[in-house]
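Because the structure is predicted, anything quoted here is derived from the model rather than measured. Here is how names work: the chains are called A, B, and so on, in the same order as the sequence lines, proteins then strands, and each is numbered from 1.
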Amino acid sequence: MSDILFYAFAAITVFSAFMVVCSRNPVNAALFMIAAFVGAAALFALLEAFFLAAVQVLVYAGAVIVLFLFIIMLLDVERTRALRPGLVSLAASAAALGLLVVGVLWLFAWEGAGPLVDARGSDAPAALARNFGYELFTRYLLPVQVTGFLLLVAMIGVIHISKRPARDTAAEPKGEEANP
Amino acid sequence: MNYIEFTVFLLPEIVLLVTALAVIGIDCARRGKAATGAGGTLASASLCAAGILVAALIILIMPQEGRIAGGMLVLDPLTRLFKLVLLAMTLVAVLMLMETRPVRHVGENFAVMLFAAIGMMLVVGTEELLVLFIGLELTGISLYVLVGFARSDIRSAEAALKYFLFGSVSAAFLLFGLSLIYGFSGSTELGEIGVAMQAGGMEPLLAVGLVMTLVGFGFKVAAVPFHLWAPDVYQGAPAPAAALVASASKVAGFFILAKVLLLGFAGAEGGAAWGGFQPGWVPLIGVMAALSMVVGNLAALVQNRVRRLLAYSGIGHAGFMLIALMAATPAALASVLFYVVIYGLTTLGAFGVVTVVLRAREGDRLSDFAGMSRQAPLLSFSMLIFFVSLAGLPPLAGFFGKFYLFTSAMGAQAAPGGQPGMLWLVLLALVMSAISLYYYLLVLKQIFFVEAAEGTPVIRASKTGTWTCSILAAATIVLGCYPGILLGPIRLAVGAAF
């Protein structure tokens, strides 16, 4: 049963992710992204990481997608639609992707995939919110703290770069060099 | 888990953190009273310098050594030495930032520089993948912000966007690769990963993880084919930010790459010899090294702007260092670390001189350097030292860097069970470093033998600028005459760690 579910959700995830890239309309792409996130959340749930699944839906399928949709609304979608990659770059990326796919298939099909580890039943630290929180604030305290400061730096950067130029724009240097 | 122990181990980083927050706080407090001008810059810069010096002092006198929290924090002579090196390079970048024209909100600029330093120190002082990745991200995001700080300059914005896009894609590769390696080994600690790699063979998932990890690190050290961001970033970014990207972030990148390869991927080396190919990271690094040397040095030949030239030459130097990493011996590791410190110091100095020229002449074309030796003799002489050292002529530090690099690579070929085929790479490196001499001399010709055209502004260096560059030049000469000053501690520390 869980195998069938796995394949079903994996197919949903992969198909939606594919459609995110292929959709012409950015709003459609964002909606497909929700489907991909929900599929991934279901995969987490199958691995008995229920807390992670819930967070995935709440944060990614909820908040992040809302942000995306806001930005798509604010951007000029019509103009970006005119951007099409050239034939050479298309061919090059297609060739690179083909090579990658063939390489990975060759690795798995001919060399053998090695022993697969059954992860079910082993302790998933993120299964319960309590375990998750306990791990975060004991074993992974340092990464959590550093992530906090990472967000602070990102915030400072965003405020600095996106803030409207103040009244004394003339006081700022015009850039270090004038280019032809 | 012991919070006190944590605090003690992280004391230098905490000092920097408090300093950064204080700088921002002071900037906010001054906002009402027109925080522009030299006063605010001087206050922020001296506070930053004081913070950096206190952190360095703490590292020097701190007696603690060891590893806590499963390798998340590692303090041994090697990490201490490199934290000191990173602090010194950040200090120079802070001084350079003081030299550039005062901008509004300069406090944030200094603070973000300190955050970048904290990130690099975390990266250097860890043997655990999670902290490694978050440290790299902290460094990366700080550097993206620094590169795009000159808001009104469109080139700075372009550089920041390119750096950010390349950086985030490479971070995704790195994270995916690290997670595959975690899936393979069941541990995020480099030592345990190494044990798992020696036990198990080369499996498909591991191979994919290895390649993805190397893609991520290839971006960090600007090796071909992941180098495309470097020329635009070096040229478009404000000079102090570019100097930090070119020196300290490269030192941290090579340090952690070496640690990951030698500790974590021990046992997955593989071989790149003709007819003796084995899958592993050595063939990948070999290809990256050869491509970096050729592309970097040949592309530098045709550059007309000194910062782009420094970018391409930096790519070439990354290629030289990758050769010795392939050797995977402690001696080679010591020579790589020695080389990257020397490279960082000389590049910092070169960017210092470029900052002064940019300020005076509004550009960094080769012709903008014309007649510099008459107007700023001490700076011109420093530039001579830096470029001759980068080209690798004796008796400067760059020569000994290359000498140790190439001999240790050859030594690894001669040793039983060592990597065959290093000879060809070393020969290629010798040819390429001969080529590099040409483009370095092009710049020096402008400085010393070409008269400045009528009406070009006179280059006037401030005292801080001249002193900083002169001290770096003196360090290059001293390390050339007595390489043991730096190489000795590095060798000792590497011996203790491996």
Side-chain angles (χ1 to χ4, degrees), chain A residues 92 96 99-101 103-117 119 122-123 134-180, chain B residues 1 3 6 10 17 24 34 36 69-70 72-73 100-105 108-109 111-112 115-116 118-119 122 130-131 133-135 137-138 141-142 144-146 148-157 160 183-184 186 200-208 238-239 358-359 362-365:
Chain A
L99 204 66
L100 188 72
V101 170
V104 172
L105 279 182
W106 176 75
L107 273 174
F108 282 91
W110 275 270
E111 308 261 306
L116 285 176
V117 184
S122 64
D123 62 327
Y134 186 78
E135 288 284 322
L136 275 190
F137 285 94
T138 52
R139 201 168 141 204
Y140 298 109
L141 178 72
L142 179 66
V144 169
Q145 297 282 352
V146 178
T147 311
F149 287 108
L150 196 153
L151 293 177
L152 175 69
V153 174
M155 198 174 76
I156 293 173
V158 166
I159 291 174
H160 176 81
I161 288 170
S162 67
K163 212 178 59 174
R164 190 163 300 179
R167 55 217 170 277
D168 53 351
T169 332
E172 283 191 47
K174 269 261 200 47
E176 285 163 336
E177 86 190 83
N179 274 291
Chain B
M1 180 58 53
Y3 292 122
F6 242 116
L10 280 174
L17 184 66
I24 295 178
T36 49
M72 279 188 187
L73 288 177
T100 47
R101 269 174 290 189
V103 192
R104 273 184 68 89
H105 317 313
E108 286 102 307
N109 208 337
V112 175
F115 276 116
I118 295 170
L122 282 173
L130 211 55
V131 178
F133 181 75
I134 289 179
E137 278 305 280
L138 181 59
I141 287 185
S142 312
Y144 308 147
V145 173
L146 285 176
F149 223 87
R151 269 183 16 189
S152 48
D153 182 3
I154 190 145
R155 297 205 69 108
S156 169
F184 167 79
M202 179 59 67
E203 287 176 23
L205 271 184
L206 179 60
V208 177
L358 270 177
R359 189 170 168 153
E362 308 269 322
D364 68 332
R365 287 187 186 79

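The shortest non-hydrogen separation linking B:Ser142 to B:Val112 is O-CG1, 3.4 Å.
Here the side chains of A:Leu152 and B:Phe115 are in contact, with some heavy-atom distance below 4.5 Å. The shortest side-chain heavy-atom distance between B:Leu10 and B:Leu17 does not fall under the 4.5 Å cut-off.
With a threshold of 4.5 angstrom between heavy atoms, B:Leu146 does not approach chain A through any atom at all. Neither the backbone nor the side chain of B:Ile118 comes within contact range of chain A; no heavy atoms are under 4.5 Å apart. Interface remark: A:Leu100 contributes no atoms to any contact with chain B (heavy atom separation under 4.5 Å). Of the two parts of A:Ile156, only the side chain, counted from C-beta on, holds a non-hydrogen atom closer than 4.5 Å to a non-hydrogen atom of chain B.
Heavy atoms of other residues, nucleotides or ligands lying less than 6.0 angstrom from CD1 of B:Ile154 number 12 at most.
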